[in-house]
Amino acid sequence: MEFTVSKNDLVRELGLSQGVVEKKTTIPILSNVLIEAQGDRIILTATDLELGIRCTCPAKVKKEGAGTVPAKRLLDYTRLLPDADLNLRFLENHWASITCGRSRTKMAGMSRESFPELPQMPEALTEIPVGLLASMISRTSFAISMEESRFTLNGALLLLGSAGITMVATDGHRLAYVESPMPANGNLTPGFRALVPKKAMGEIVKLAEQSAPELKLVFAGDDNHLFFKFGERLLITRKLTGNFPDYERVLPKDNTNVAKLKKEEIRSAIERVAQFADERSRAIRVQFGQGEVRVFSSSVETGESEESVPGEYVGPDLEIGFNAQYLLDFLRAIQQDDVSFALKDQKSAGELRPGSEETKDHYRYVVMPMRI
Amino acid sequence: MKTIFHVDMDAFFVSVEELFDPSLKGKAVVVGGRPNERGVVSAASYEARKFGVHSALPLRTAYKLCPHAIFVDGHPDRYRDCSQRVFEVLHRFSPQVEMASIDEAYVDMTGTERLHGPPLRAAHTLHEAMRAETQLNCSIGIGTSRLVAKISSDQAKPNGILMVIPGQEARFLAPLDVRKVPGVGKVTERNLNVLGIHKVGDLAKLDESSLESRFGKWGLALAGKARGLDAGGWFDSEVGEDIEPKSISHEHTYNEDTSDSEVLEATLARLSEMVGRRLRENGLHARTLQLKLRYQDFSTITRAHTLEQPTQVDTEIFEEIRALFRKNWRAGRKVRLLGVHAASFEAAGPQLDLLGESKHERWEQALAAADRLRDKYGESAVSLASGMRGRFRERTHENPAGLPGKPK
């Protein structure tokens, strides 16, 4: 196999595979990228068996064929080459011979036979605007559990229906929910439901950044996999199995005590006060009263801090403990200038929403208090 | 000046077994398991000790030394019951009682002269009361420090009382081997011997600074100990003072190595349960959980995980440990030992749960009920179903969970 490709094209597409290739070297072939030369292009494939990515690059193919080389080493090396055309040829012993300008390198590779086969993309279910999906991910993924033992919470729930698209993530202490109307343009009755692993969500955001925002990705799914096709780039992920918790049950219904605040003010107040919260629990106390919201922290080791933020509040005086990090995650994820806190009491979940009325979609964030 | 008693039960496990089976009396008895089992001797009767059998010796070695000995399984529940009765007797003599292990205790008798008479008479009364109420013999050492009391009870064995008169501590200690000093083990002994120090008297002659320069803080403690003072680590605390544990762990060594994943996971369930039980007894929540895994070839790995929320619930501990196990066990490889270790203790996790609050709380209530059953009917009264196949006979241990008056 032999082809010539622009170094910059190759570096750009290889970069997209870096988040996918296996970092641990338990199965060496998974650290490699599969390079296939066909027609007028090359196809780059990487997988860790959970997640797979396939990208293409235009190339002058002299001889069709395929081979694999370590993905990170190939990227690290080609990145350093001058901006010129690069010639790659696989040798008999599966090594790759690379020439570019005055540089000549032979890189140890492995036969393509041992590279795992990626599943075939089935018929498309629908198209999703790339920008919309990426923004839904960035507003929910922080609420995904880091506890590997809670495997059904190691990803987000994706719901596609004729009315729109919904994404929900939770770690058992807080829950982020985004629902967005999306004109139905595919076979979405009775609706589609799947758990998307956290790692795949990160890669979707990266691919979205490399795409035009108005691009619509093609979405498909089979029994075990989900497929996201961004133009010529395809991301395949294994679905998480198991039952996602019944999130509708925990969305508060009667939180009638509502505070409306300026996001910047409450965010920076919490950021400062949280410097003196217990390092592990990150607990702060938030007092809701007429005309203002006060934030307190104290820790035996570091000291104490308090701050007050003006705001509208309707309801009886309330003091509730929260994990400062949980509140900040939400306040940093929203674009809007206003935020509302809807509360019930010290022991029930509070709900945060972007405050302004004219939002295109529905973003709700539910946080359980801490005992104080 | 303090008056400290160190009360040490004579051949405790063996004596308790004799209560249940009087035919064992006067014979060579080894408690700990069958002679062909893995594991070690928990206790040996004085007759068996004549053949060189002592605790911590592998059972198979004990069998070689003393093949005619009667080998009996340990009964941890019996020992706990008797230990509780011992504690009750001691507690009548002083409010300051600290069980240092299941069969020995420090009793602070300072200021009890008007009630119990001078120390030797009080010790005699205590000795008689112990015999009458528990049918067990003990030895009592009396000193001005716990260290001296402990060393003198050892010299008083079996079934004796020895008092070191205040002011005579150094003279009493001087002719003893340094190894007799609590805290001096094989390594320190070797290090001291290299310096020509064999007796406690040799140690007492050295000045503190040279010991400190050689052994650091431990050297200072040694200098104090040589003069009969309580110094270093646990000896720095008062009798009965609470010292928070830094970690809690349980391990199990299989009699036969196994690669049966169901058995292995059941053992982990059982060990998680034992760790959870001790966390609750101590009112602690652990944030870090660690799995210990030893393969047949003795290669050992430990893998820890830090939780987002600290826990003391058996099922939550087990879930984490099982996840660590599934991730790290090389399937098919035979396992010799498993261990579950909990650390980074905190008070209750303050974060309320959004999804499973009722589940977590229901477990807490169920476990509280289970703990009460265990208090009443023994440790094996209730257990997780997942741990049933992992049941093993609890090894007889000098430091089991829940000693009355013991720092936890």
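Just so it is clear: chains get the letters A, B, ... in the order the sequence lines come, proteins before strands, and each one is counted from 1. Note: hydrogens, waters and symmetry copies are ignored here, and every other heavy atom, side chains too, is used.
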A/Asn243, CG atom: more than 12 neighbouring heavy atoms under 6.0 Å
no

Taking every heavy atom of B/Leu354 against every heavy atom of A/Arg174, the minimum-distance pair comes out as CD2-C, 3.7 Å

For A/Pro245, is it the side chain, the backbone, both, or neither that has a heavy atom closer than 4.5 Å to a heavy atom of chain B?
side chain

Specify the closest pair of heavy atoms between B/Asp353 and A/His173, including all atoms of both residues, with the distance to one decimal.
OD1-ND1, 3.7 Å

Side chain, backbone, both or neither of A/Ala283 within contact of chain B (heavy atoms, under 4.5 Å):
neither

How far does CE of A/Met146 sit from OG1 of B/Thr306, to the nearest 0.5 angstrom?
12.0 Å

Short side-chain to backbone donor-acceptor contact, B/Gln351 and A/Met368, under 3.5 Å
yes

If I measure from the heavy atoms of chain B, does A/Phe322 come under 4.5 Å with its side chain, its backbone, both, or neither?
neither

Counting only heavy atoms not in A/Glu304, do more than 12 fall under 6.0 Å of its CD?
no

Taking atom NZ of A/Lys72 as the centre, report whether more than 12 heavy atoms of other residues, nucleotides or ligands fall under 6.0 Å from it.
no

Could you look at A/Ser348 and say if it's the side chain, the backbone, both or neither that has a heavy atom under 4.5 Å from chain B?
neither

Atom pair CG/CG of A/Asn323 and B/Leu352 - distance to nearest 0.5 Å:
11.5 Å

